[in-house]
Asker: 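Can you keep this structure in mind? I'll have questions shortly.
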Amino acid sequence: TQAETQAETQAETQAETQVETDTRNESSPPLGQVASDDQETRSDLSYQEAVKQVSGVIKEILSLDHWDEFDLLGYSMGGRLGLHVAHALSSTEQSSSSLQQLIVVSASLGIYCPDERRERRSADRGWSDPLWERGDLDHFLEVWNRQPILAQLGERNPEEALRLFSHRLTHKARGLATALDVLGQGVMPPLQSILPSIKIPVMWVAGSEDVKYAQIAQEASALCPQGELSLIEGCGHSPHLENLNRFHAQLIDQLNGGD
């Protein structure tokens, strides 16, 4: 009913406002200034402020390189961030017309329930606190990669899993802690209410064997005005890493209209 729809919309708005209110601090340094291991101040940057920063960087790149059009592709946390950036860019006609399409790989829609979101925020701090305080990146990555949804990569493509592990060892421990603090699902406004406002084509990608995220992709693609679903056969949560050739070939085929 209309009353129920209005009540749900109001609840979503209040939830998003509460997330930003709970996490915002006006004295917060920019996200890019808290990624160094010798930085002593931990960021209180809000999610929405981080989205504005990323959107600003994109606009600067477009201006410097004289690009009129661009696409965005994001995986997991990057996919969620890409959706919020697309929504932010749609606020100006010039930016929204520059962004041609968005490809979202294995991303969730966030956590709608405020209580569950607070629990997730606490759980994320359980990961980021030791990383910030002790800086033991090797131990963090070993434990992080044991999570069942991520351990699949080591089983399906051991060589790529080893390459990725080595690459991530070059990251800054406090930079990763900051990403968990500022960009995690515990602080991110849920996405359901903004998907209908993203008018550009959005391709939702998931591995066919990643049951949870394949279901999310199916539901989310239906909420986008130009949403499309792409399930990569024989892959789990990281289809672009598990089988890059299959991932690339299927996406190119769909983007070209199946020709």
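Model, not experiment: these values are computed from the prediction.
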Asker: Look only at the side chain of Asn256 and the backbone of Ile252, and say whether a donor-acceptor pair between them is shorter than 3.5 Å.
Answerer: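 Side chain of Asn256 to backbone of Ile252: a pair is present.
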Asker: What pair of heavy atoms forms the shortest contact from Ala177 to Leu131, and how long is it?
Answerer: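 Looking at all heavy atoms of both residues, the shortest contact is N-CD2, 3.7 Å.
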Asker: Restricting to salt bridge (charged side-chain N to carboxylate O under 4.0 Å, His left out), what partner residues turn up for Asp129, sequence neighbours left out?
Answerer: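 Partners of Asp129 by the salt bridge (charged side-chain N to carboxylate O under 4.0 Å, His left out) criterion, ordered by chain and then number, come out as Arg42, Arg125.
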Asker: Hey, could you give me the CG/NE2 distance between Leu191 and His84, rounded to the nearest 0.5 Å?
Answerer: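 Leu191 CG to His84 NE2: 4.0 Å, rounded to 0.5 Å.
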Asker: Hydrophobic cluster membership, with links at side-chain heavy-atom distances under 4.5 Å among I/L/V/M/F/W/Y: are Leu241 and Leu150 in one?
Answerer: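 Result: no, two separate clusters.
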Asker: Determine whether a donor-acceptor pair (N or O, by modelled atom type, separation under 3.5 Å) exists between the side chain of Thr178 and the backbone of Arg174.
Answerer: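 A pair under 3.5 Å: yes.
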Asker: Any sub-3.5 Å donor-acceptor pair from Gln147's side-chain atoms to Trp144's backbone N or O?
Answerer: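 It does hold such a pair.
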Asker: Around atom CZ of Arg163, are there more than 12 heavy atoms from other residues, nucleotides or ligands closer than 6.0 Å?
Answerer: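 It does: Arg163 CZ has more than 12 such atoms within range.
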Asker: When hydrophobic residues are tied together by side-chain contacts of less than 4.5 Å, even through go-betweens, does Leu229 share a cluster with Val202?
Answerer: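 No, Leu229 does not connect to Val202 through the hydrophobic network.
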Asker: Mind telling me whether Phe247 and His240 have parallel, tilted or perpendicular rings, with 30° and 60° as the class edges?
Answerer: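 Rings of His240 and Phe247: tilted, as their planes differ by 30° to 60°.
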Asker: Testing the basics here: between Val187 and Tyr47, what is the closest heavy-atom pair and its distance to 0.1 Å?
Answerer: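 Where Val187 meets Tyr47 most closely, the heavy atoms are O-CB, 3.7 Å.
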Asker: Could you tell me which non-hydrogen atom of Leu180 sits nearest to which non-hydrogen atom of Trp127, and how far apart they are?
Answerer: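 Of all heavy-atom pairs spanning Leu180 and Trp127, the closest is CD1-CB, 3.9 Å.
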Asker: Is the shortest side-chain heavy-atom distance between Val105 and Ser76 below 4.5 Å?
Answerer: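 A side-chain contact is absent here, since even the closest heavy-atom pair is not under 4.5 Å.
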Asker: From Leu99 CG over to Ile198 CD1, what is the distance, rounded to the nearest 0.5 angstrom?
Answerer: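 One gets 9.0 Å once the value is rounded to the nearest 0.5 Å.
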Asker: For residues 243-252, which residue pairs pass the side-chain hydrogen bond (donor to acceptor under 3.5 Å, both in side chains) check, not counting sequence neighbours?
Answerer: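 Residue pairs passing side-chain hydrogen bond (donor to acceptor under 3.5 Å, both in side chains), neighbours aside: Ser230-Gln250.
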Asker: Consider only side-chain N and O atoms of Asp71 and Gln101, and report whether a donor and an acceptor are under 3.5 Å apart.
Answerer: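 Yes, because at least one side-chain N or O of Asp71 sits under 3.5 Å from a partner of the opposite role on Gln101.
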Asker: Would you say the side-chain atoms of Arg117 pair up with the backbone N or O of Tyr112, donor to acceptor, closer than 3.5 Å?
Answerer: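 Flag set: sc Arg117 to bb Tyr112 pair under 3.5 Å.
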Asker: Assess the residue pair His237 and Tyr75 against the criterion (side-chain contact (heavy atoms from CB on, under 4.5 Å)); give the C-alpha distance rounded to whole Å, side-chain angles, the decisive distance to 0.1 Å, and a yes or no.
Answerer: CA-CA 10 Å; His237 190 66; Tyr75 163 68; 3.3 Å; yes
Asker: Is there a side-chain contact between Pro189 and Gln48, using heavy atoms and a 4.5 Å cut-off?
Answerer: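 When only atoms from C-beta onward are counted, Gln48 and Pro189 do touch, with a gap below 4.5 Å.
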Asker: Can you give me the closest heavy-atom contact between Ser106 and Pro239, atom names plus distance?
Answerer: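 Residues Ser106 and Pro239, closest heavy atoms: OG-CD, 3.8 Å.
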Asker: Hey, could you give me the CD1/SG distance between Ile194 and Cys224, rounded to the nearest 0.5 Å?
Answerer: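 The SG atom of Cys224 is 9.0 Å from CD1 of Ile194, to the nearest 0.5 Å.
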Asker: Could you check whether any side-chain N or O of Gln152 sits under 3.5 Å from a backbone N or O of Gly236, counting only pairs where one atom can act as donor and the other as acceptor?
Answerer: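 No, because the side chain of Gln152 does not come within donor-acceptor range (under 3.5 Å) of the backbone of Gly236.
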Asker: State, to 0.1 Å, how close Leu251 and Ile232 come at their nearest heavy-atom pair, and which atoms those are.
Answerer: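 Minimum heavy-atom contact is CD1-CD1, 3.9 Å.
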Asker: Hey, is Glu209 close enough to Arg156 for a salt bridge, meaning N to O under 4.0 Å?
Answerer: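 Looking at Glu209 and Arg156, the cut-off is met.
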Asker: Hey, any chance Phe140 and Leu164 share a hydrophobic cluster, counting ILVMFWY side chains that come within less than 4.5 Å of each other, even indirectly?
Answerer: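 No.
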Asker: Quick one: does Arg118's side chain get under 4.5 Å of Ser122's, heavy atoms only?
Answerer: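 When only atoms from C-beta onward are counted, Ser122 and Arg118 do not touch, as no gap falls below 4.5 Å.
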Asker: State yes or no: do Leu231 and Ile103 share one hydrophobic cluster built from I, L, V, M, F, W and Y residues joined by side-chain heavy-atom distances below 4.5 Å, directly or via other members?
Answerer: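 Not linked; separate clusters.
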Asker: Please evaluate residues Asp181 and Asp124 with respect to the criterion side-chain contact (heavy atoms from CB on, under 4.5 Å), reporting the C-alpha separation (whole Å), side-chain torsions for both, the decisive distance (0.1 Å), and the verdict.
Answerer: CA-CA 7 Å; Asp181 290 344; Asp124 284 346; 5.9 Å; no
Asker: Between Asn145 and Leu141, is there a donor-acceptor pair closer than 3.5 Å when you use the side chain of the first and the backbone of the second?
Answerer: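 Here the side-chain-to-backbone pair exists.
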Asker: Quick one: are Trp204 and Gln218 in side-chain contact, heavy atoms under 4.5 Å?
Answerer: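 Not in contact.
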Asker: Closest approach of Gln185 and Gly110, non-hydrogen atoms and distance?
Answerer: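 Result for this residue pair: OE1-CA, 3.6 Å.
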Asker: How many angstroms lie between atom CZ of Phe70 and atom CD1 of Ile58, to the nearest 0.5 angstrom?
Answerer: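 Rounded to the nearest 0.5 Å, the CZ-CD1 separation comes to 5.0 Å.
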Asker: To the nearest 0.5 Å, tell me how far Ile149 CD1 sits from Ser238 OG.
Answerer: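 Those atoms lie 8.0 Å apart.
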Asker: Between Glu69 and Ser98, does a side-chain contact (heavy atoms from CB on, under 4.5 Å) hold up when you go through it step by step?
Answerer: CA-CA 4 Å; Glu69 299 177 349; Ser98 298; 5.7 Å; no
Asker: Is a donor on one side and an acceptor on the other found under 3.5 Å between the side chain of Ser208 and the backbone of Gly234?
Answerer: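 Yes, because the side chain of Ser208 sits within donor-acceptor range (under 3.5 Å) of the backbone of Gly234.
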Asker: Measure from the side-chain N and O atoms of Arg121 to the backbone N and O of Gly186, and report whether any donor-acceptor pair falls under 3.5 Å.
Answerer: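 Judged by distance alone, yes, a pair lies under 3.5 Å.
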Asker: If I take atom CD from residue Gln192 and atom CG from residue Leu109, how far apart are they, to the nearest 0.5 angstrom?
Answerer: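 Interatomic distance, Gln192 CD to Leu109 CG, rounded to 0.5 Å: 5.0 Å.
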Asker: State whether Glu49 and Lys52 are salt-bridged, where the test is any N-O pair (Lys NZ or Arg NE/NH1/NH2 against Asp/Glu carboxylate O) under 4.0 Å.
Answerer: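 Result for this pair is no, no salt bridge flagged.
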Asker: Do Ile111 and Val104 belong to the same hydrophobic cluster, where Ile, Leu, Val, Met, Phe, Trp and Tyr are linked whenever their side-chain heavy atoms lie under 4.5 Å apart, directly or via other members?
Answerer: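 Unlinked, Ile111 and Val104 end up in two clusters.
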Asker: Look at the rings of His167 and His171 and say which category their plane angle falls in: under 30° parallel, 30 to 60° tilted, over 60° perpendicular.
Answerer: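 Answer is perpendicular, since the angle exceeds 60°.
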